[in-house]
Structures are given as C-alpha cells and as structure tokens.
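Below is one structure, written out as structure tokens, with a few remarks after it.
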Amino acid sequence: MALKIKRVDLIINPNAGNGRLKEQLQQVVKTLESHFPHVSVHETYQPGDAASYIEDLDNETDLIIGAGGDGTVYEIINALAPLQNRPAFGIIPGGTCNDFSRALGISQNPLEAVEQICNQKFRAIDVGKCNHQYFLNFWGIGLITEVSTNINPRMKESFGRLSYYLSAIQSVNRDRTFKLKLESDECAYEGNAAMVLIGNGPFTGGIRAFFPESNIEDGKLEVLIIESNRLQTFWDMIRAKVMQDIPNSEDILYFQSDHISIETEPNQTIDCDGERDYETPSTISILPRHIQMAVGNYPPLQ
C-alpha cells in the first residue's frame, strides 16, 4: 500500500541495548531527515512515556517509529491499536530478542533498519487482542511465563537470546501444571496443562518458535497447548523447530483459530509480548490486517 509519509515521530528508549541505541541516534535522525520533511524525536524515561507521546500527537503524524526493545514495541502497539485513525508503525530494534522486527524482515542493525524504513514498504499486519491488551508477537501462560520471569538479568546481558533457552531447560520437569478450560470454534480442551502459547509472529526468544504455518497477515492465531513439563516434551518441541514441522507429541496440541476463550484454576499470570500485567481468565482474538507496518526483507527467510 502506498502511503504519503510527511511527518515522522521517532520514540526511542535511550537505555535499550545498554545505551548503544542512543549512541547511534544522531545518525538515525540524519537518515530520517534526508527522506522525510518533518522528523521529531521523543525519548522515554519511564513506562507510559511512549503512550503519552502518542496521545499528545493526536493523529498529527504519519509514521511512528519505535526504537528500543520488545517492551517499547509493546507499549507503542497498545497505544496505536485502539485508535480509529492509526499512523503507520516502524521498528528500529534495540533490545535482546526484537522478535517482531524479525517477523517483518527488519535488519537487527539499527542503521540498516532505519534505511529499510525509509524505503517506505508497508504491509497491513494482524494484531492480537486479549481483554485490555494488544500484542504483535505472542500471548502465553504457564511455562513461558515462568521462563521469562526466572531469567537472571546478568545471564540475559551475557548470553542474550540464549538466556531464554537456558532458563527453559532449568524450568522443565517441574511439576507445575494448572487446570485449563479452552474453547474455540476449532478446538475445545479441558484438563491439565503446563503451558499455553498463542502466537501471531513466528519468533520467540530471537529464533523461529514452533509455529511453522505462522503468517502475520492471515487473520489467524497459532495455538499450542503443552500438557506436561516432561523433558521429552521439551525436546519434541526443539525437534519440531529444527525440522520446521508441527510439534508432534502426545503431550502437545496445536491448532489455528481467530478467537479463543481461556479459564484456569488457579488464575495464571499472562506473559503478553514479554509484559506480565494481567491474569486469566482471558478472551483472545485477532484483528486482521489492523495496522500498516514498515517491512524490510519480507517475508523473512529465517
């Protein structure tokens, strides 16, 4: 879709990437100013700043660019998605995993990413919705939440994306299942579960996860139910990732849907694109092609 981009507002988290992103800010702005007539820069200092900037813009911008990690992207999409007139959205990755920028084929080098955004290639992308939250990448409960909660900040700084998988290995085989009642038009499940992962994007923790049919433009969510924390189940998931196949195990249930309702006992903390602010019960749906997003080498090859 051809968009007329005149005004660009860059929202940057100066602490992303241990401050490395801010070091490149001058070059990023210079590149933007060479392509667009009006460029404004807004730095975030605490949660909520990005949403406040977007509210103050009052639909007076054509393109919002989020420069930061997955938390910055999450805050911006939650500010943009409810708007009736939504500006386009671009991502300059500056965090550890930068999962959704990978789904868009955006370079992980910020200076290359801004050049891609300046090419003004846009696609209408699906957005997930859960109760009061919006998400681009994933919604999860159980093991996925435990893994992200238990990551040691020093390990994350030292090992980056690998830290997520080291944490996962440490978390499996713990007997921490919960009672799950899940309903959708495609599937109904009632029983114990160790994890529910609902994906829009194909990347989790910086690599392609376990949704080989994932498509961020198809109006569908990928749903994965893991019934137990057995180590064999975890390795079945890894094998499926390597073989680019649908996970196949007696403890794994996979399907696609556009609307899912979930109840648990006890209530479970939700990990929504890395943010853990709410608990079940939940109703999850997809908003097809809800926002125009800048893409790079799309669809990505890996």
Considering only heavy atoms from C-beta outward, does the side chain of [X] approach that of [Y] to under 4.5 Å?
X      : Y      : value
Leu180 : Tyr189 : yes
Ile11  : Val41  : no
Glu222 : Tyr254 : yes
Phe138 : Leu224 : no
Pro82  : Tyr134 : yes
Asp70  : Asn137 : no
Cys118 : Phe36  : yes
Ile106 : Val295 : no

Let me check something: do [X] and [Y] share a hydrophobic cluster, defined by ILVMFWY side-chain heavy atoms less than 4.5 Å apart, either directly or through other members?
X      : Y      : value
Tyr298 : Ile65  : no
Leu287 : Val223 : no
Val73  : Met293 : yes

Can you check whether [Y]'s main-chain N or O pairs, donor with acceptor, with [X]'s side chain at less than 3.5 Å?
X      : Y      : result
Asn131 : Pro281 : yes
Thr280 : Gln268 : yes
Gln292 : Pro87  : no
Asn78  : Glu75  : no
Ser282 : Ile284 : no
His290 : Ala81  : yes
Asn200 : Phe135 : no
Asn98  : Gly69  : no
Thr177 : Glu227 : no

- Asp62: partners by salt bridge (charged side-chain N to carboxylate O under 4.0 Å, His left out), with sequence neighbours left out: none
- Please list, chain by chain and in numerical order, all residues satisfying salt bridge (charged side-chain N to carboxylate O under 4.0 Å, His left out) with Glu183, sequence neighbours excluded. Lys181
Kindly compute the distance separating [atom1] ([X]) from [atom2] ([Y]), expressed to the nearest 0.5 Å.
X      : Y      : atom1 : atom2 : answer
Ile291 : Ile76  : CD1   : CD1   : 9.5 Å
Gln116 : Leu111 : CD    : CG    : 11.5 Å
Gln46  : Asn15  : CD    : CG    : 12.0 Å
Leu83  : Ile54  : CG    : CD1   : 7.5 Å
Glu112 : Asn297 : CD    : CG    : 9.5 Å
Ser214 : Lys220 : OG    : NZ    : 13.5 Å

- Distance-only donor-acceptor check, side chains Asp9 and His42, under 3.5 Å: yes
- Task: Would you tell me whether Asp277 and Gln133 have side-chain atoms, one donor and one acceptor, within less than 3.5 Å of each other?
- Result: no
- Message: side-chain hydrogen bond (donor to acceptor under 3.5 Å, both in side chains) for Glu186 and Ser257? Distances and angles first, verdict last.
- Response: CA-CA 6 Å; Glu186 294 77 11; Ser257 182; 2.6 Å; yes
- Message: For Asp271, run the side-chain contact (heavy atoms from CB on, under 4.5 Å) check against Thr145, Leu143, Ile141 and tell me which one passes.
- Response: Thr145
- Message: Apply side-chain hydrogen bond (donor to acceptor under 3.5 Å, both in side chains) to residues Tyr45 and Glu43 and explain how you reach the verdict.
- Response: CA-CA 7 Å; Tyr45 299 97; Glu43 294 190 13; 3.1 Å; yes
- Query: Where do Val196 and Ile226 land on the side-chain contact (heavy atoms from CB on, under 4.5 Å) test, with the steps shown first?
  - Reply: CA-CA 6 Å; Val196 180; Ile226 309 298; over 6 Å; no
- Item | Glu217 bridged to Arg123 by N-O distance under 4.0 Å | yes
- Not counting sequence neighbours, list each pair that qualifies as a ring-ring contact (aromatic ring centres under 6.0 Å, His included) and has a residue in residues 64-115. none
- Could you go step by step and tell me if Thr283 and Ser261 meet the side-chain hydrogen bond (donor to acceptor under 3.5 Å, both in side chains) rule? CA-CA 4 Å; Thr283 299; Ser261 65; 5.8 Å; no
- Task: Could you give me the CA-CA distance, side-chain angles and deciding distance for Cys130 and Tyr278, then say whether side-chain contact (heavy atoms from CB on, under 4.5 Å) is met?
- Result: CA-CA 10 Å; Cys130 169; Tyr278 298 97; over 6 Å; no
Heavy-atom closest pair, residues [X] and [Y]:
X      : Y      : answer
Gly94  : Leu21  : CA-CD2, 4.2 Å
Ile64  : Thr61  : CD1-CG2, 3.8 Å
Ala16  : Gly68  : CB-CA, 3.8 Å
Leu104 : Ala294 : CD1-O, 3.8 Å

- Task: State whether the number of non-hydrogen atoms from other residues, nucleotides or ligands found under 6.0 Å of His132 atom NE2 is greater than 12.
- Result: no
